[in-house]
Amino acid sequence: KCEDKTITYEAVKAIADNILSRIKVKPVIGIICGSGLGSLTEAITNAQNIDYKDIPGFPVSTVPGHAGRLVIGMLEGLPVLAMQGRFHYYEGYPLVKCSLPVRVMKVMGIEYLMVTNAAGGINPTYKVGDIMLIRDHINFVGFSGNSPLRGPNDDRLGPRFPPMTDAYNPALITRALSVAKEMGIPDVVKVGTYCFLGGPNYETIAECKMLHTCGVDAVGMSTAHEVVVAQHCGLKVFAFSLITNKSSLDYEKKEYANHAEVVAVGKSRESTCRELMCRMIKSIAAE
Ligand code: HPA
């Protein structure tokens with residue numbers, strides 16, 4: 001008998017139907033807000049909030065800096081559903097539960113997933129406050145088979161063996177680079193590879209050196225499992241990392257990553273991140 005309990009299509013559908021029955025619009029864009037970036041939702045008009053704890057079958061987030069609610073409303077002319085607070089593997093949830101909201105979005109009829117996160121800058125040219133558009137990821141947590149797709153596959157959610165080529169929609173990356181130019185911040189916006197580690201501890205110097213050798217530009221504790229599920233179920237993904245700290249690659253420099261700094265940098269850059277997100281949604285609305 002299979003050891004991993006999957007979350008059934010029926011369970012996902014029940015959550016999707018519950019949310020749809022309570023909201024006034026039918027969202028086409030889903031947004032997941034990273035640490036310190038929850039105020040992206042302030043731009044949403046006619047907002048309806050639903051706390052995770054009031055959605056039967058939904059997990060609840062436990063991290064300071066992550067509020068734990070859905071915000072549904074209009075953004076740049078499109079109906080959106082934003083998650084203020086996501087679920088991390090280190091909180092103790094299995095990956096299938098961490099990424100359950102992505103499947104709920106799909107079953108609700110959402111087409112695009114926009115993801116943000118806070119990340120450590122492994123690429124030595126990155127500065128604190130830079131925004132890295134995610135072109136690709138290295139899913140370290142997945143290397144040994146720890147995947148949200150592990151267990152029996154339900155073809156109604158997606159195929160058994162989904163490709164991950166272009167998991168991050170290349171056309172949306174190209175568009176975001178034009179948006180960055182329009183915003184006058186082309187130097188702040190980079191394009192790179194994100195690496196998902198389990199956390200919750202930050203990386204050792206040796207780990208950072210290894211990630212650098214492996215072609216990683218930024219490291220964090222989220223996103224890849226959500227994007228694997230999004231790609232499995234056929235959502236178009238756009239994602240970016242806010243570089244909240246520089247990962248230490250040098251034993252002589254005593255640099256200590258900490259959550260307060262991560263959240264503070266998020267706060268200081270949230271209006272820029274919000275504007276980038278809004279302009280991306282505006283360009284999708286114009287399609
Ligand atoms: N490492 C992992 N996750 C993070 C970091 C980091 O340096 N900064 C923000 N999230």
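Atoms within a ligand are numbered from 1 in the order they appear, just like the ligands themselves.
Using a cut-off of 4.0 Å between Lys/Arg side-chain N and Asp/Glu carboxylate O, Lys97 and Glu91 are scored as not salt-bridged.
Only the side chain of Asn245 comes within 4.0 Å of ligand 1, judged by heavy-atom distances.
In this structure, Arg86 contributes its side chain and Thr116 its backbone to a donor-acceptor pair below 3.5 Å.
Ala118 O, 3.3 Å is the protein heavy atom nearest to atom 10 (N) of ligand 1. Here the protein heavy atom with the shortest distance to atom 5 (C) of ligand 1 is Gly120 N, 3.4 Å. Closest protein heavy atom to atom 2 (C) of ligand 1: Glu203 OE2, 3.2 Å. Considering only non-hydrogen protein atoms, atom 3 (N) of ligand 1 sits nearest to Gly220 CA, 3.4 Å. Among protein heavy atoms, atom 9 (C) of ligand 1 sits closest to Thr244 OG1, 3.4 Å.
Residue Arg135 places its CZ atom among 12 or fewer non-hydrogen atoms of other residues, nucleotides or ligands, all under 6.0 Å distant. For Glu287, the CD atom is densely surrounded, since the number of other residues' heavy atoms within 6.0 Å is greater than 12.
Residue Met221 has at least one heavy-atom neighbour below 4.0 Å for each of these atoms of ligand 1: 2 (C), 3 (N). Contact atoms of ligand 1 toward Ala119: 5 (C), 8 (N), 9 (C), 10 (N) (distance under 4.0 Å to a heavy atom of the residue).
In summary, the side chains of Asn258 and Tyr202 do not present any donor paired with an acceptor at a separation below 3.5 Å, with no hydrogens or angles considered. In this structure, a donor-acceptor pair under 3.5 Å is present between the side chains of Tyr168 and His137.
The only option from Asp51, Leu40, Leu70, Val71 that meets the side chain to side chain contact (heavy atoms under 4.5 Å, CB included) definition with Gln84 turns out to be Val71.
Considering backbone and side-chain N/O of Tyr202, none are found under 3.5 Å from N/O of ligand 1.
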